[in-house]
Asks: 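Structure below; questions to follow.
Order of the sequence lines sets the chain letters (A, B, ...), proteins ahead of strands, with each chain counted from 1.
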Amino acid sequence: MELSKNFTPAAAEGKWYQHWMDKGYFRSKPDNRPPFTIVIPPPNVTGVLHMGHTLNETVQDILVRRARMSGYNTCWVPGSDHASIATEAKVVNMLKTEKGIEKSQLTREEFLKYAFEWKDKYGGIIYSQIKKLGCSCDWDRVTFTMDDHYYQAVIKVFTDLYSKGLIYRGARMINWDPKAKTALSDEEVQYKDINGKLYHVQYAITDSENNLTGESITIATQRPETIMGDTAICVNPDDERYKHLAGHYAIVPLVNRRVPIIFDTYVDKEFGTGALKVTPAHDINDYNLGLKHNLEIVDTLNDDGTLSTAAGVFIGEDRFKARKKVIAALDEQGLLVKEQEYTTRLGYSERNPDTVVEPRISTQWFVKMAELAKPALDAVVEGNVKIHPGDRFLATYKYWMENVKDWCISRQLWWGQQIPAFYAPDGTFEVAQNVDAAIAQFKAKGATYTAADLRQDEDCLDTWFSSWLWPMEVFNGISQPDNEEINYYYPTNVLVTGQDIIFFWVARMIMAGQEYRNEKPFSDVYFTGMVRDKQGRKMSKQLGNSPDLLELIERFGADAVRFGIMISSPAGNDLLFDEAALEQGSKFNNKIWNALKLVKMWEANTTGDANTAVDHFAIRWFESRLNEVKTQIADQFTDFKLSEALKALYSLIWDDFCSWYLEWVKPGFEQPCDAGIYAKTVYFFEELMQLLHPFMPFLTEEVYQLLKERPAGDDLIIRQYGAPGTIDAKMLAEGQLAKEVITSIRDSRNKHQIKPKEEIVLHIDTLQEAAFKQIEGMLSKQVNAKAINYTKEPVAGCITLVVQKDKFYLGTETVLDQGAQKDQLEKDLAYLQGFLVSVEKKLSNEKFVQNAKPEAVEIERNKKKDAEAKIAAITESLKSL
RNA sequence: GGGAGUUUAGCUCAGCUGGUUCAGAGCAUCUGCCUUACAAGCAGAGGGUCGAUGGUUCGAAUCCGUCAACUCCCA
């Protein structure tokens with residue numbers, strides 16, 4: 001069969017993915033093999049694949065494919081999460097722009113119907129993209145966090161934790177997203193440095209009798225629009241400036257509220273004016289002060305970020321517009337003393353990045369974390385769950401777990417699991433899996449209600465409250481504990497994810513696993529870095545520096561994309577994405593393709609018996625080299641050093657196999673290929689494709705199938721790895737010597753400007769003639785020598801060079817520049833002499849000889865001997881010039 | 001403000017518990033080649049005071065202290 005000039009990825013990708021699917025190779029059912037399980041970090045159902053996913057999925061596919069070829073029953077579960085805030089925002093937006101419907105016009109049921117329609121329409125896009133990448137997920141297992149069984153599992157866990165006292169409802173200061181009108185957890189707030197202003201505002205003072213003293217106190221605030229919510233002024237008790245104000249009051253401007261002056265060491269004397277206005281409803285620290293000093297709480301904001309009636313002024317104005325108006329009003333009244341530039345950090349909503357989060361007091365549902373965190377912390381600290389790379393993230397994990405705060409899990413949204421709390425008209429409530437159970441619970445307490453009397457909590461649960469069950473519930477491990485699958489697949493083997501969700505997700509999954517199965521959810525966590533552009537900037541839609549993945553696959557092929565992303569991705573480090581790496585990948589494709597073409601050319605013209613053992617230097621050498629790399633790669637996989645494993649393979653294939661091995665066994669022009677050598681070469685090629693398969697599945701399968709006729713079912717994807725054979729160190733050293741000799745001679749030819757086509761005569765002065773005799777054929781071909789002679793004397797009129805301890809003389813037609821030759825040799829000599837001096841210095845140092853390990857001393861002695869021998873060789877050569 | 005990490009060739013990074021000619025790889029650069037698998041290629045080459053500075057040691061890119069720059073996480 002005629003092979004195309006270059007490898008064409010698109011055809012191979014479609015063909016083999018379909019073949020693998022048809023054969024059911026991705027499907028997994030429990031059997032008696034050991035399982036290797038990975039659950040995909042569920043992407044957002046409305047999302048499309050970006051570079052971060054690509055890196056993630058590629059890593060997972062590499063691990064899964066390698067495990068599949070190593071005797072494991074591999075199961076990679078795909079799926080997505082419902083992403084409540086993001087999806088609800090998209091659906092709301094779509095309803096408004098496409099249908100002109102406001103969310104407020106719809107009932108919950110109607111809205112959810114639209115949301116599910118949206119999900120059905122867009123939810124599958126990401127799966128087809130993951131397939132394009134070649135990922136070998138078990139597509140019969142696609143799971144969605146709003147599937148019926150999953151929904152039930154979440155409700156079950158909620159009611160269970162509630163009954164254990166681990167979930168409670170309470171009023172707390174929470175992070176409020178005024179755009180989405182929902183609470184956020186601490187992890188959903190992102191802080192940014194902002195240039196703001198500090199406004200110094202004067203408050204009049206009254207004494208305890210409510211008489212103006214004529215004095216005033218100046219506070220500094222970043223948020224003048226909240227002063228209408230002030231319920232105290234706080235100063236440090238040690239601050240001499242304010243000591244006399246004990247028992248006095250201040251008058252809040254604009255609203256003329258009389259508030260006490262309180263004293264607390266919390267206030268920093270140095271900051272601002274040393275006087276703090278306290279607004280318990282709108283600042284977490286003020287809130288805590290308020291609790292301590294029993295202050296009134298005046299909430300001056302509505303849920304959409306506008307001023308409430310409680311503010312008294314500028315009612316209905318947006319908080320930022322109100323700020324400007326308050327400043328103007330204060331200025332007008334002469335109360336604004338000064339404005340000061342000030343850098344501060346503001347919290348923004350993760351899901352609405354342009355929206356400043358508002359601290360707000362509200363009644364929400366919380367998970368008590370301390371108790372759940374303990375076993376989850378131990379699991380990691382004791383090494384039961386191993387984090388890669390190294391302990392870099394261990395410290396972060398530990399810190400968070402030891403200082404964990406309660407988790408706010410209620411969201412004022414509809415798209416998600418509705419909180420199963422049922423309220424009676426009198427305000428009492430029961431948490432139960434459904435309304436009937438709630439009625440029964442009420443009844444047990446002596447209250448009789450019908451379903452119509454009860455009202456279910458309007459809010460839904462945080463998406464992470466469903467995601468934390470992912471490794472269990474994808475196998476129905478919560479909804480049907482102890483089913484065959486959960487017992488077989490759980491705990492899973494590896495979780496591959498971005499380091500940015502260590503708290504959102506990883507920590508909480510470990511908590512849930514420990515709580516519900518008393519077992520870790522996975523043995524290893526592999527954190528990938530962030531994908532950045534080549535200038536090191538994060539990829540983002542705003543910058544437009546995020547490439548279109550499908551377009552990249554179209555241009556370079558999936559294998560090249562996988563190669564490019566893995567080769568530049570050392571474990572845990574950020575990845576600087578550069579198309580040059582993908583180009584390198586497609587060149588690698590092509591290199592392998594051409595090697596295949598070369599080998600196929602030999603196939604048609606072989607001679608001899610393929611079954612006769614062949615004793616060829618190149619074969620013996622490559623066998624050892626292959627085994628060496630196999631062993632190395634096995635270790636690298638154990639350490640999750642995938643990038644290094646790929647580099648090792650790249651070099652093994654390109655340099656050792658293509659540049660050396662194939663050249664060494666290549667038959668002469670129009671000569672037949674020895675059948676034994678041919679068979680061995682095909683075998684090596686297969687082994688290489690097998691090792692590379694997890695990284696570049698399509699190309700390797702294609703080449704494997706083309707190398708020879710295969711019976712049905714002989715597919716590379718399921719071919720099992722054999723144990724690495726023996727590594728012959730002597731063989732490796734001889735191969736190394738051969739390569740070095742060839743390279744040095746070629747270098748000499750180059751330096752002396754001998755045309756590639758010109759043949760030389762090679763004279764070798766060596767003590768190990770036998771070693772060179774066995775490689776004469778390949779040696780003369782590689783340096784273009786017409787004859788090889790052995791000598792014990794310098795050969796006049798030749799280029800002289802020394803490799804290790806052997807001397808080589810190149811006889812040539814070209815007239816040589818003796819001066820240049822001499823210069824080169826003298827340079828080498830000078831270097832060696834300097835080196836010798838340093839070694840001798842070391843050896844003459846008594847302390848070194850006494851203290852160093854005997855091996856180290858021995859090594860130095862050998863270095864000395866080697867250097868002396870080389871110096872002798874070069875000196876001799878110089879004499880002959 | 002608290003914590004963690006990084007700093008090695010023009011770029012991206014390897015270099016494990018100090019000791020082989022230890023200063024490496026890939027990409028980029030330069031030179032010579034259309035050699036009958038591959039010019040998306042072949043054959044070669046050049047390039048670095050290992051962030052700075054002290055110390056430990058017979059010996060430091062490697063261990064310790066201080067400083068500087070950058071990155072990330074947390075408040």
Side-chain angles (χ1 to χ4, degrees), chain A residues 3 5-7 186-187 191 268 284-285 345 347 389-400 403 499-500 502-503 529-530 532 534-536 556 560 567-570 572-578 580-581 583-602 635 639 641 643-644 646-648 650-651 654-655 658-659 662-663 666 668-670 742-751 753-757 781-784 831-832 834-836 838-839 841-853 855-860 862-863 866-867 870:
Chain A
L3 295 177
K5 180 166 162 53
N6 294 322
F7 175 61
D186 291 344
E187 286 71 28
Y191 291 89
D268 178 359
I284 180 67
N285 298 307
R345 299 196 83 175
D391 345 286
R392 186 162 0 147
F393 298 104
L394 188 63
T396 332
Y397 181 84
K398 257 181 90 170
Y399 183 85
W400 191 79
N403 298 280
Q499 52 198 246
D500 48 333
I502 182 166
F503 309 129
M530 200 82 93
R532 297 167 179 279
K534 64 177 168 182
Q535 285 133 42
F556 296 98
I567 202 82
S568 45
S569 172
N573 280 10
D574 284 357
L575 177 154
L576 299 195
F577 178 80
D578 188 349
E583 234 165 83
Q584 197 186 345
S586 66
K587 286 179 184 175
F588 188 36
N589 275 340
N590 204 42
K591 184 70 182 176
I592 293 169
W593 186 251
N594 276 293
L596 173 72
K597 271 160 60 183
L598 177 67
V599 172
K600 293 309 276 184
M601 278 173 58
W602 302 346
D635 292 343
D639 297 339
K641 294 186 171 172
S643 170
E644 285 173 42
L646 178 57
K647 278 177 187 166
Y650 177 75
S651 160
W654 198 306
D655 303 330
C658 293
S659 295
L662 287 180
E663 293 298 335
K666 196 189 232 175
F669 185 50
E670 288 185 343
I742 291 166
T743 302
S744 299
I745 294 174
R746 283 169 170 174
D747 183 28
S748 263
R749 291 185 54 124
N750 238 337
K751 288 212 167 103
Q753 297 183 311
I754 295 168
K755 291 268 174 286
K757 281 186 178 150
K781 204 165 66 183
Q782 295 249 276
V783 301
N784 198 15
Y831 174 77
L832 281 166
F835 176 68
L836 183 62
S838 77
V839 174
K841 212 159 125 194
K842 224 180 206 181
L843 283 169
S844 61
N845 181 339
E846 276 177 39
K847 285 187 177 169
F848 171 72
V849 181
Q850 274 168 20
N851 296 335
K853 280 181 288 188
E855 303 94 88
V857 179
E858 192 51 37
I859 284 165
E860 292 303 316
N862 285 335
K863 281 202 259 182
D866 278 6
K870 275 192 192 170

Asks: Is A/R532 reaching over with its side chain to a backbone N or O of A/F577, donor-acceptor style, under 3.5 angstrom?
Replies: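 A pair under 3.5 Å: no.
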Asks: Regarding A/S651, tell me which of base, sugar-phosphate or nothing describes its non-hydrogen contacts under 4.0 Å with the strands shown.
Replies: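 The answer is nothing, as A/S651 stays clear of every strand by at least 4.0 Å.
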Asks: In terms of side-chain heavy atoms of A/D747, which of B/rC74, B/rA45, B/rC38 is nearest?
Replies: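 Among B/rC74, B/rA45, B/rC38, the one nearest the side chain of A/D747 is B/rA45.
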Asks: Picking from B/rC33, B/rC74, B/rA14, which would you name as closest to the side chain of A/Y399?
Replies: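 It is B/rC74.
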Asks: Taking the side chain of A/N750 as heavy atoms from C-beta outward, which of B/rG44, B/rG15, B/rA37 is closest to it?
Replies: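 So the nucleotide nearest the side chain must be B/rG44.
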Asks: Which sits closer to the 5' end of RNA chain B, A/L576 or A/F848, going by the nucleotide each is nearest to?
Replies: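 That would be A/L576.
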Asks: Please report, rounded to the nearest Å, how far the C1' atom of B/rC27 is from the CD atom of A/E583.
Replies: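 These atoms are roughly 11 Å apart.
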Asks: Nearest to the A/N594 side chain among B/rA37, B/rC73, B/rA40, which nucleotide is it?
Replies: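 Looking only at heavy atoms from C-beta outward on A/N594, the closest nucleotide is B/rA37.
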Asks: In whole Å, I'd like the distance from the CD1 atom of A/I502 to the P atom of B/rC72.
Replies: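 From A/I502 CD1 to B/rC72 P: 17 Å.
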Asks: Compute whether any side-chain donor of one residue and acceptor of the other, for A/N594 and A/K597, lie under 3.5 angstrom apart.
Replies: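 There is such a pair between these side chains.
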Asks: With under 30° as parallel and over 60° as perpendicular, where do the rings of A/Y650 and A/F588 fit, or are they tilted in between?
Replies: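 Plane angle over 60°, so perpendicular.
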Asks: Separation of A/Q782 atom CD from B/rG44 atom P, in whole Å?
Replies: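 To the nearest whole Å, that distance equals 9 Å.
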Asks: Can you tell me the distance, in whole Å, between the NZ atom of A/K647 and the P atom of B/rC27?
Replies: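 It is 11 Å, rounded to the nearest whole Å.
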Asks: Under 3.5 Å, is there a donor-acceptor pair between the side chain of A/S643 and the main chain of A/S568?
Replies: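 Checking the backbone N and O of A/S568 against the side chain of A/S643, no donor-acceptor pair under 3.5 Å is found.
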Asks: So which nucleotide from B/rA39, B/rC58, B/rA37 ends up closest to the side chain of A/K5?
Replies: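 Out of B/rA39, B/rC58, B/rA37, the nucleotide with an atom closest to A/K5's side chain is B/rA39.
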Asks: Would you indicate which nucleotide in B/rG41, B/rC73, B/rU71 comes nearest to any side-chain atom of A/K591?
Replies: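 Shortest atom-to-atom distance from the side chain points to B/rG41.
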Asks: Looking at side-chain heavy atoms only, is the closest gap between A/D639 and A/E644 below 4.5 Å?
Replies: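 A/D639 does not reach A/E644 side chain to side chain.
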Asks: Any idea which of B/rC27, B/rA43, B/rA37 is nearest the A/Q584 side chain?
Replies: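 Shortest atom-to-atom distance from the side chain points to B/rC27.
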Asks: State which of B/rU71, B/rC38, B/rG44 makes the closest approach to the side chain of A/R746.
Replies: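 Of the options given, the side chain of A/R746 lies nearest B/rG44.
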Asks: Going by heavy atoms in the side chains, are A/N403 and A/Y399 under 4.5 Å from each other?
Replies: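 A side-chain contact exists here, since the closest heavy-atom pair is under 4.5 Å.
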Asks: Given that A/F7 and A/W400 both sit by RNA chain B, which one's nearest nucleotide is further toward the 5' end?
Replies: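 Final value for this comparison: A/F7.
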Asks: How long is the line joining CG of A/N784 and C1' of B/rG32, in whole Å?
Replies: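 It is 15 Å, rounded to the nearest whole Å.
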Asks: Starting at CD of A/E644 and ending at C1' of B/rG15, how long is that distance when rounded to a whole Å?
Replies: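 Taking CD of A/E644 and C1' of B/rG15, I get 9 Å after rounding.
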Asks: Backbone N or O of A/A648 within a donor-acceptor pair of the A/S651 side chain at under 3.5 Å?
Replies: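 No, because the side chain of A/S651 does not come within donor-acceptor range (under 3.5 Å) of the backbone of A/A648.
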Asks: Given B/rA37, B/rA40, B/rC42, which nucleotide is nearest the side-chain atoms of A/S659?
Replies: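 Comparing B/rA37, B/rA40, B/rC42 against the side chain of A/S659, the answer is B/rC42.
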Asks: For A/W654 and B/rC27, what is the distance between atoms CH2 and C1' respectively, to the nearest whole Å?
Replies: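 Spelled out: CH2 on A/W654 to C1' on B/rC27 is 12 Å.
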Asks: Are A/E663 and A/K666 close enough, and set up right, to give a salt bridge (charged side-chain N to carboxylate O under 4.0 Å, His left out), and what steps lead you there?
Replies: CA-CA 5 Å; A/E663 293 298 335; A/K666 196 189 232 175; 3.4 Å; yes
Asks: Is any side-chain nitrogen or oxygen of A/K666 closer than 4.0 Å to OP1 or OP2 of B/rA37?
Replies: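 Yes, because at least one side-chain N or O of A/K666 sits under 4.0 Å from OP1 or OP2 of B/rA37.
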Asks: Whole Å only: how far is the CG atom of A/L662 from the P atom of B/rU36?
Replies: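 Atom-to-atom, A/L662 to B/rU36, this comes out as 16 Å.
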Asks: Looking at every strand, decide which applies to A/D500 at a 4.0 Å heavy-atom threshold: base, sugar-phosphate, or nothing.
Replies: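 No contact at all - A/D500 keeps every heavy atom at 4.0 Å or more from the nucleic acid.
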Asks: Only stems of 3 or more consecutive Watson-Crick or G-U pairs count here, both distances under 3.5 Å; name the ones for RNA chain B, or none.
Replies: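 Expected stems, ordered by start: B:1-7 with B:68-74, B:10-13 with B:24-27, B:29-33 with B:41-45, B:51-55 with B:63-67.
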